[in-house]
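Given the structure is predicted, the values throughout are model-derived calculations rather than measurements.
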Amino acid sequence: EKAEILTLIDREGERLLTRDCAYAHVTASSVIVNRARTKTLMAFHKIYQSWAWTGGHADGETDLLHVAMREETGIERLRQIGNGAASLEILPVWAHVKRGKAVGSHLHLNVSYLFEADDSLPLRVAADENSAVGWIAIDRLAESVREKDMLPTYEKLLNRTNVC
């Protein structure tokens, strides 16, 4: 996937950092775990009706770590696990409606980062994107995530939190 992302960057340049590139654009995501590595912090995504990682579109931003850290959960103190990005993914996004407007199917060229946070800190919902925020038991993740095609990505990254 890294080679394909680099090919797209060569072809499209900075357009990939904005949603002006309708078929593919850059996103950054956070996998956040508690210190014990027993829970992951997720938001209930309104569009997908599923618990999901946090993060978002680059929207012109070149600092993808900063994009990944744009918190939708209310937790402001994240400690990065490891150095740099943990993974790159090309993720399909199927056609949907967002804020009353049709969005066509496209690809997210995603950069994933790993973080640790204190699971006793208060949480906050980002009402424009999510309807809930919470700590999900990692061993029960499959019961909470409705986007089953995302489970292998989440599991891969959660496993990396134990080796970084």
Side-chain angles (χ1 to χ4, degrees), residues 1-2 5 16-17 19 24-94 96 98-99 103 106-164:
E1 292 182 338
K2 178 181 177 181
I5 290 171
L16 289 174
L17 292 172
R19 297 183 215 198
H25 41 264
V26 174
T27 58
S29 298
S30 297
V31 169
I32 305 167
V33 294
N34 64 341
R35 185 178 177 116
R37 307 293 195 266
T38 57
K39 296 184 267 184
T40 185
L41 183 58
M42 296 188 125
F44 194 83
H45 200 281
K46 286 183 176 182
I47 292 172
Y48 302 113
Q49 292 295 295
S50 180
W51 288 97
W53 55 9
T54 61
H57 291 84
D59 287 335
E61 175 77 51
T62 58
D63 182 350
L64 298 179
L65 176 62
H66 180 261
V67 172
M69 293 177 72
R70 282 189 208 143
E71 261 314 294
E72 306 162 27
T73 65
I75 291 186
E76 296 176 8
R77 292 185 302 254
L78 296 175
R79 183 185 70 77
Q80 187 174 1
I81 300 170
N83 296 315
S87 181
L88 300 173
E89 300 88 24
I90 298 175
L91 303 169
V93 178
W94 306 114
H96 59 277
K98 185 170 185 175
R99 296 184 186 108
V103 177
H106 58 280
L107 298 174
H108 280 176
L109 311 176
N110 192 68
V111 180
S112 296
Y113 295 89
L114 306 176
F115 298 97
E116 180 183 290
D118 181 346
D119 59 2
S120 68
L121 293 173
L123 302 175
R124 177 190 75 237
V125 171
D128 60 328
E129 294 283 334
N130 308 305
S131 59
V133 175
W135 289 96
I136 307 293
I138 290 172
D139 63 356
R140 302 194 70 160
L141 193 63
E143 298 169 25
S144 300
V145 174
R146 291 188 185 149
E147 291 180 286
K148 298 304 180 192
D149 57 330
M150 287 300 297
L151 281 173
T153 300
Y154 295 153
E155 290 166 354
K156 169 187 73 174
L157 289 162
L158 287 165
N159 287 332
R160 288 186 182 171
T161 66
N162 294 312
V163 295
C164 290

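The neighbour count for Lys148 NZ, taken as heavy atoms of other residues, nucleotides or ligands under 6.0 Å away, is above 12. Annotation for Arg35: atom CZ does not count as buried by contact number, only 12 or fewer foreign heavy atoms lying within 6.0 Å. Within a 6.0 Å sphere centred on CG of Asn162, heavy atoms belonging to other residues, nucleotides or ligands number more than 12.
Using the six-membered ring where Trp is involved, His108 and His57 have ring planes that are perpendicular, over 60° apart on the 30 and 60° scheme.
The CE atom of Met150 sits 5.0 Å away from the CG atom of Leu91 when rounded to the nearest 0.5 Å. For the atom pair Ile32 CD1 and Thr54 OG1, the distance stands at 4.0 Å (nearest 0.5 Å).
In this structure, the side chains of Asp128 and Arg99 come closer than 4.5 Å at one or more pairs of heavy atoms. Residues Leu65 and Gln80 form a side-chain contact, since some pair of their non-hydrogen atoms from C-beta on lies under 4.5 Å apart. Ile138 has its side chain out of reach of Thr38: every pair of non-hydrogen atoms, C-beta onward, lies at least 4.5 Å apart.
Side-chain N or O atoms of Glu129 include none that pairs as donor or acceptor with a backbone N or O of His45 at under 3.5 Å. Distance alone, capped at 3.5 Å, places no donor-acceptor pair between the Lys39 side chain and the Gly134 backbone. Remark: the backbone N or O of Asn159 is not paired with any side-chain donor or acceptor of Glu155 at under 3.5 angstrom.
Ion pair Lys156/Glu89 flagged as a salt bridge, since at least one NZ, NE, NH1 or NH2 atom sits closer than 4.0 Å to an Asp/Glu carboxylate oxygen.
Closest approach of Ala68 to Ala28, counting heavy atoms only: N-CB, 3.8 Å. Residues Trp53 and Met42 approach most closely at N-CE, 3.8 Å, considering heavy atoms. Ala86 and Leu114 make their closest contact through CB-CG, 3.5 Å (heavy atoms, listed as atom of the first residue, atom of the second, distance). For the pair Gly74 and Arg124, the tightest heavy-atom approach, listed with the atom from each and the gap, is CA-NH1, 3.5 Å. The two atoms that bring Asp118 and Ile75 nearest to each other are O-CD1, 3.8 Å, heavy atoms only. When all heavy atoms of Val67 and Gly56 are compared, the closest pair comes out as CG1-O, 3.4 Å.
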